[in-house]
**Q** 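Provided herewith is a single structure, encoded as structure tokens, for subsequent inquiry.
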Number of protein chains: 2
Amino acid sequence: MSSELPDLATGPAGAAPTLSEVAKRAGVSSITVSRVVRMPDLVAPETRARVEQAMRDLGYVPNLVAGALASARTNSVGVLVPTIANSIFADTVQGLSDKLEPLGFSVILAQSRYDAAREDRMLAALLSRRPEAIIMVGSPATEEGSRLLRNARIPIVETWDLPANPIDAVAGFDNYQAGVAVAKHLAAQGRKQLAFIGGDDPRGTRRWLGYRDEALASGLAEPRRLILDRKDSGSVAAHARLPGVDAVFAANDAHAIGFMSGLRKAGVLREGPASAQPVAVIGLGDLEMGQLISPTLSTISVHGDAIGRTAATLTLERGGERRIDLGFELVLRDSG
Amino acid sequence: MSSELPDLATGPAGAAPTLSEVAKRAGVSSITVSRVVRMPDLVAPETRARVEQAMRDLGYVPNLVAGALASARTNSVGVLVPTIANSIFADTVQGLSDKLEPLGFSVILAQSRYDAAREDRMLAALLSRRPEAIIMVGSPATEEGSRLLRNARIPIVETWDLPANPIDAVAGFDNYQAGVAVAKHLAAQGRKQLAFIGGDDPRGTRRWLGYRDEALASGLAEPRRLILDRKDSGSVAAHARLPGVDAVFAANDAHAIGFMSGLRKAGVLREGPASAQPVAVIGLGDLEMGQLISPTLSTISVHGDAIGRTAATLTLERGGERRIDLGFELVLRDSG
DNA sequence: TCGCCTTATGTTAGCGCTAACATGGAACAA
DNA sequence: TTGTTCCATGTTAGCGCTAACATAAGGCGA
């Protein structure tokens, strides 16, 4: 109802007021209004006050679209993630926003849903808005995406991995070594038959490769690999599909917790420490939830928000180190 | 290293190519190129092929900033949420993105961090990019924010609540009634001393009010209310601060799970059904995690993604019902 | 054959703003 | 006095694109 009758007390009736309307009302030229908005120190206090009054009277909201075109600066950053829901990438988006928003940058968010074609479309859509940088999880899935980014001539930050040939900058950790660390730990714990559950996206696959290679190097049998789709439900039923397995590395904590839920139903979950567990479980991500469940979840801790903040920093400074390894940490709790 | 030496094979050396450069190369006028991009059916097949070739040769990426200024359409939507990390609002953002991205809209994301001043700043920043609609969680915290939105003359969708005097459109549920439903259930279960834990944001407070009113109406003692900050850690310790309480409604599932973790440490968590629990726990949000833990979490189920999709629909169609109550559901599992 | 419609393409002006370069006056040292 | 410098403000042109209105060339019925 009130949507049809906007507040006329302060706002104007028709289209949004422009710089020059403010200028006319304040009796100055448009450039002076522009300066009041962007570099108020260059304007005499009385003039400034007059302009500010006019802006208030008219309810002026600067048009950054026009400003961006004129100045060739959009003050925006494109962010591409596989998904934001139920996911650890949300921390990364939060981290980079917290760094960029106070500097006047807006975040243009796009989701690829782990789909290469959609990723390319989103990349093209982002670039057509002329962001001053692109931050993405992982690397472009296609040659076309890679080419688009290379030609864009803006800072590009790939995150959550350490690609061998990055387009520009990198903020991540070594997924292969994460897999190695988990396998090494499980072998040292005396586990004999390892398994890996999770997706087959590039980062998950790298974790798997490190895990498998290290298991083999430790003299264990080749681990089993169960590829699950994105619904956690699969992980709950995973135990039945992994007979004889006494240790599981899940590609992320959500899968790990789902798997543990399956173990619980099957009666093979103990309240005691890792050594008491018939099946060890290690996750990745270090969700807060992992510390709240019982047994508490052992995990590879990764700082998603630090990745985001670091990526933001890399978009702002063009010089300096362009490859930041934020590392990971094997956090041992009761599950394995 | 390679960041300094971009791929010149396909891309041009200098600035990004413009429409008119493509036009020159294809031997047509700029408007024809513009048509090939936006309304290809209006261009003869041979001309179109020539233009498309020229675009490929030059690596042309349309400049939507200029297009938006000329056409007064930005094809973008501003989205304001308190926070995206570890939160149920991520589902809403996902839902609305899934609906809007295929239609060519970009999502400009901003976070208020439950801070009124920051919310106003973000609102102003969003509006200066001339989005074609604003979708936000809740309602503006200040009169200033409200005024800004009213004057913007674009669809505004408030979500996750059903405000009495919305600015324009609404997609949410009745938080007060959610509190009522929980209190009613707990009273029927024979619980005597209720408590509420969670934040004091507007929506959390409305849940509290419904919960309290219903408890009193059922003849129970006034429930206790424990206001926690945004860190879940507080909820783990909450039990010690609520002596004598036999039922807890947590403002969200994260708090509920944290609280249950505290109960577990205190030895007052049973494996059996709700009736066996010394302290009943009900959450809100229906995180997937709630079904994976033990005992499984009873909760008010809310469809965050449906809220997002509905909000997206409301931004696209200006007519029709502007107030959509998506409801909620009390899902009873083992925790209470 | 002529006018009229259709289809394909072009011309012109301008979206709202800012970069870059004036301009004009006050302050000030020599 | 006469530059020289600084400060406050203005003028001009144009960012890259699209809306709106031409224009030109065929097709076609009468």
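This structure is a prediction, so every number in the text was calculated from the model and none was measured. All chains are named by letter (A, B, ...) in the order of the sequence lines, taking the proteins before the strands, and each is independently numbered beginning at 1.
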**Q** Would one find a side-chain N or O of B:Tyr60 under 4.0 angstrom from OP1 or OP2 of D:dC17?
**A** yes
**Q** Taking OP1 and OP2 of C:dT18, is either one under 4.0 Å from a side-chain nitrogen or oxygen of A:Ser34?
**A** yes
**Q** Under 3.5 Å, is there an N or O donor on one side and an acceptor on the other linking the side chain of B:Arg35 and the base of C:dG10?
**A** yes
**Q** In whole Å, what is the span from the CG atom of B:Asp41 to the P atom of C:dT7?
**A**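 Rounded to whole Å, this separation is 12 Å.
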**Q** So, B:Thr83 versus A:Gln94: side-chain donor-acceptor pair below 3.5 Å or not?
**A** yes
**Q** Looking at every strand, decide which applies to A:Val65 at a 4.0 Å heavy-atom threshold: base, sugar-phosphate, or nothing.
**A** nothing
**Q** If only side-chain N and O atoms count, and only distance matters, is there a donor-acceptor pair under 3.5 Å linking B:Ser76 with B:Arg129?
**A**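 The answer is no; no qualifying pair exists.
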**Q** Compare every heavy atom of A:Trp160 with every heavy atom of A:Gly304, then report the nearest pair and how far apart it is.
**A**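 Heavy atoms of A:Gly304 and A:Trp160 come nearest at CA-CZ2, 3.9 Å.
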**Q** Between C:dG10, C:dT18, D:dC17, which nucleotide has the shortest distance from any of its atoms to the side chain of A:Ser30?
**A** C:dT18
**Q** Just by distance, with hydrogens left out, do A:Arg48 and A:Gln53 show a side-chain donor and acceptor under 3.5 Å apart?
**A**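 Checked: A:Arg48/A:Gln53 side chains show no N/O donor-acceptor pair below 3.5 Å.
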**Q** Pick the nucleotide of DNA chain C nearest each of B:Ile31 and A:Val37; which residue has the one closer to the 5' end?
**A** B:Ile31
**Q** Using the test salt bridge (charged side-chain N to carboxylate O under 4.0 Å, His left out), find all partners of B:Asp91 that sit at least two apart in sequence or belong to another chain.
**A** none
**Q** Provide, to the nearest angstrom, the distance between the CG atom belonging to A:Leu64 and the P atom belonging to C:dG16.
**A** 14 Å
**Q** Round to the nearest Å and state the distance from B:Leu19 atom CG to D:dC15 atom C1'.
**A**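 So the two atoms are 13 Å apart, to the nearest Å.
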**Q** Give a yes/no on whether any side-chain N or O of B:Arg38 is located under 4.0 angstrom from OP1 or OP2 of D:dA19.
**A** yes
**Q** Considering just the side-chain nitrogens and oxygens of A:Thr32, establish if one lies under 4.0 Å of OP1 or OP2 belonging to D:dG10.
**A** yes
**Q** Grab the NZ-P distance between B:Lys24 and C:dG10 for me, whole Å please.
**A**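 Taking NZ of B:Lys24 and P of C:dG10, I get 14 Å after rounding.
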**Q** Specify the separation, in whole Å, of atom CG of A:Asn75 and atom P of C:dC17.
**A** 15 Å
**Q** May I have the distance from A:Arg73 (atom CZ) to C:dC17 (atom P), rounded to whole angstrom?
**A**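 Distance check: A:Arg73 CZ to C:dC17 P gives 18 Å.
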**Q** Taking 4.0 Å as the cut-off, does a side-chain nitrogen or oxygen of B:Thr47 come that near to OP1 or OP2 on C:dA8?
**A**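 False: B:Thr47 side-chain N/O out of range (4.0 Å or more) of C:dA8 OP1/OP2.
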**Q** Report the nucleotide, chosen from C:dG16, C:dC17, D:dC17, that has the shortest atom-to-atom distance to any side-chain atom of A:Leu69.
**A** C:dG16
**Q** Name the residue from B:Thr159, B:Leu96, B:Thr92, B:Ile84 that meets the side chain to side chain contact (heavy atoms under 4.5 Å, CB included) definition with B:Val79.
**A**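 Testing B:Val79 for a side chain to side chain contact (heavy atoms under 4.5 Å, CB included) against B:Thr159, B:Leu96, B:Thr92, B:Ile84 leaves exactly one candidate, B:Leu96.
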**Q** Using only side-chain N and O atoms of B:Ser71, determine if any of them is under 4.0 Å from OP1 or OP2 of D:dT18.
**A**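 For D:dT18, neither OP1 nor OP2 has a side-chain N or O of B:Ser71 closer than 4.0 Å.
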**Q** Please tell me which of B:Pro45 and A:Ser20 maps to the more 5' nucleotide of DNA chain C, matching each residue to the nucleotide holding its nearest heavy atom.
**A** B:Pro45
**Q** Quickly work out the B:Arg48 CZ to C:dT7 P distance and round it to whole Å.
**A**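 About 15 Å, once rounded to whole Å.
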**Q** Would you kindly give the CG-to-C1' distance between B:Leu42 and C:dT6, to the nearest whole Å?
**A** 12 Å
**Q** Could you check whether A:Ala44 gets within reach of a base, just the sugar-phosphate, or nothing at all, counting any heavy atom under 4.0 Å?
**A**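 Answer is sugar-phosphate: A:Ala44 comes under 4.0 Å of backbone atoms only.
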